[in-house]
There are 2 protein chains.
Amino acid sequence: MFGCIRGRKSSREKILDAAAELVSEVGSGRLTLDAVAERAGLSKGGLLYNFPSKEALLQGMIQRMVDEVSAEREALRGKLGGPNLEARLCVNAALKMRTGNMKEISNGMLAASSENPRLLEPVRHVLKDVLEHLKTTSEDADAALVAWLAVEGMCSLELHDISPFSEQDRERVVKAVNRLLDKGLSE
Amino acid sequence: MFGCIRGRKSSREKILDAAAELVSEVGSGRLTLDAVAERAGLSKGGLLYNFPSKEALLQGMIQRMVDEVSAEREALRGKLGGPNLEARLCVNAALKMRTGNMKEISNGMLAASSENPRLLEPVRHVLKDVLEHLKTTSEDADAALVAWLAVEGMCSLELHDISPFSEQDRERVVKAVNRLLDKGLSE
DNA sequence: TGCACCAAACCGTCCAGACGGTATATAAAT
DNA sequence: ATTTATATACCGTCTGGACGGTTTGGTGCA
């Protein structure tokens, strides 16, 4: 009907956005191709043209999340300083993911985990790298690990929509985490 | 209601175990009543006798998890000391959940989140209470929050089966968290 | 500029299988 | 004999995916 140049977003992105939104609305296990197509303003055929299978769609969601986080980390590099730099990158990148439409991008993890846990392999790989980086480059690896995990834990609670934290609570935790990275943990 | 308390497991428990196992094998969104029945060594009719609907089964999984954690916390109370006691209870209870078959009990969260996020309401309640307790009773609330979140983050990674941590890494994190609770975070 | 052509993008329909749930029969226990 | 607990058979609905056809934007050429 309309060409692929209509609007600013590509069909691919609109589909991924639609899928991410739907996950938080209907639950990760209730994500259907029909619903995604409708939300994205496409027919089911059009959807299956862009992603030849549901698994391909989920892979796309995961990949976008991985790429987005990685890009955010690199964008922050150079803008941040202080000890335990790698941990700071992780912390701030994770926090950035809570803003804008990036928040829902992480829903791809839930959808993939729901359908086929094997699809999380790219995430495993990233986490492994992050852990290695943190352990080898941090001035205080213990503090770096705890700080990273704390933010990861907070994001995880929000991802599942079970976070009891208010915005004030969140800021408080962020400050505490930064203090931990400043002070360190060892004597 | 609670039939065989001694010796053999009740059908209810076998069903809940089977469901929890299946979640980590096939994915939280692929959990079917037929599969649960087969794994539990029951017919589908027998399963539906114990849990009249799939939602009831998921509720049962969630409730068992909540009860189990709560029991673990109370069992630890009195056996632990030092500052920030509530945080220590949370940390150690969460760690205990990683052992034995308790590890898979948490899979109920994934299954419920996948099918109907509303079923996580009991979990929200618990988390809200925990946060309140931590904020009001801790000597160093900041340290308590960070410590709690760090362990929660680690458990979350394992729940999704994407944890990059070795057993040594885990012990290291646990020690670091305990050090944080000992030392505190404020000056 | 106009025209023939093509691959990319998209649509609408159809279907086999899977799933949750019901109805009913059967066995065991009290 | 009544209740509890399990098994069997079946139904209606929904889903992922296949398929053939259609429109679109672009390209080469005259």
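Letters go in sequence order (proteins before strands), and every chain restarts at 1. Being a predicted model, the structure only gives us computed values, none of them experimental.
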Using only modelled atom types and a 3.5 angstrom limit, is any donor from either the side chain of Lys44(A) or the base of dG12(C) paired with an acceptor on the other?
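Flag unset: no donor-acceptor pair detected.
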Got a donor-acceptor pair under 3.5 Å from the side chain of Lys54(B) to the base of dG21(C)?
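Side chain to base: no pair present.
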Side chain of Ser43(B): nearest nucleotide among dT6(D), dG20(C), dC10(C)?
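Nearest to the side-chain atoms of Ser43(B), counting from C-beta on, is dT6(D).
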Among dG21(C), dA8(C), dT4(D), which nucleotide has an atom closest to any side-chain atom of Tyr49(A)?
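So the nucleotide nearest the side chain must be dA8(C).
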With no hydrogens and no angle check, do the side chains of Ser166(A) and Asp169(A) hold a donor and an acceptor under 3.5 Å apart?
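Note: Ser166(A) and Asp169(A) side chains meet the donor-acceptor criterion.
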Do the non-hydrogen side-chain atoms of Arg88(B) and Arg77(B) ever get within less than 4.5 Å of each other?
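With C-beta onward as the side chain, the pair stays apart.
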Here's a test of your reading of the structure: between Pro52(A) and Leu47(B), which maps to the more 5' nucleotide of DNA chain D?
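Final value for this comparison: Leu47(B).
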Just how far, in rounded Å, is [atom2] of [N] from [atom1] of [X]?
X         : N       : atom1 : atom2 : result
Leu48(A)  : dG20(D) : CG    : C1'   : 15 Å
Leu42(A)  : dA9(C)  : CG    : C1'   : 9 Å
Leu33(A)  : dT13(C) : CG    : C1'   : 16 Å
Glu115(B) : dC19(C) : CD    : P     : 12 Å
Glu38(B)  : dA18(C) : CD    : C1'   : 15 Å
Leu31(B)  : dG21(C) : CG    : P     : 12 Å
Phe51(B)  : dG20(C) : CZ    : P     : 15 Å
Arg12(B)  : dT4(D)  : CZ    : P     : 16 Å

With hydrophobic residues grouped by side-chain heavy-atom distances under 4.5 Å, do Leu95(A) and Met109(A) end up in a single group?
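They do share one cluster, since a chain of ILVMFWY contacts under 4.5 Å joins Leu95(A) to Met109(A).
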Linking I/L/V/M/F/W/Y whenever their side-chain heavy atoms sit closer than 4.5 Å, directly or via other members, would Ile105(B) and Leu159(B) fall into one cluster?
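In one cluster with Ile105(B): Leu159(B), no.
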Looking at dC10(C), I'd like to know if its phosphate oxygens (OP1 or OP2) sit under 4.0 Å from a side-chain N or O belonging to Ser11(A).
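Answer yes for this pair, as a side-chain N or O of Ser11(A) is under 4.0 Å from OP1 or OP2.
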side-chain N/O Asn50(A) vs dA9(C) OP1/OP2, d < 4.0 Å
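The answer is no; no side-chain N or O of Asn50(A) sits under 4.0 Å from OP1 or OP2.
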Report the relative orientation of the aromatic rings in His160(A) and His160(B); use parallel for angles under 30°, tilted for 30 to 60°, perpendicular for over 60°.
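The rings of His160(A) and His160(B) lie parallel, inter-plane angle below 30°.
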Under 4.0 angstrom, heavy atoms only, what part of the nucleic acid is Leu57(A) near: base, sugar-phosphate, or nothing?
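It contacts nothing in the nucleic acid.
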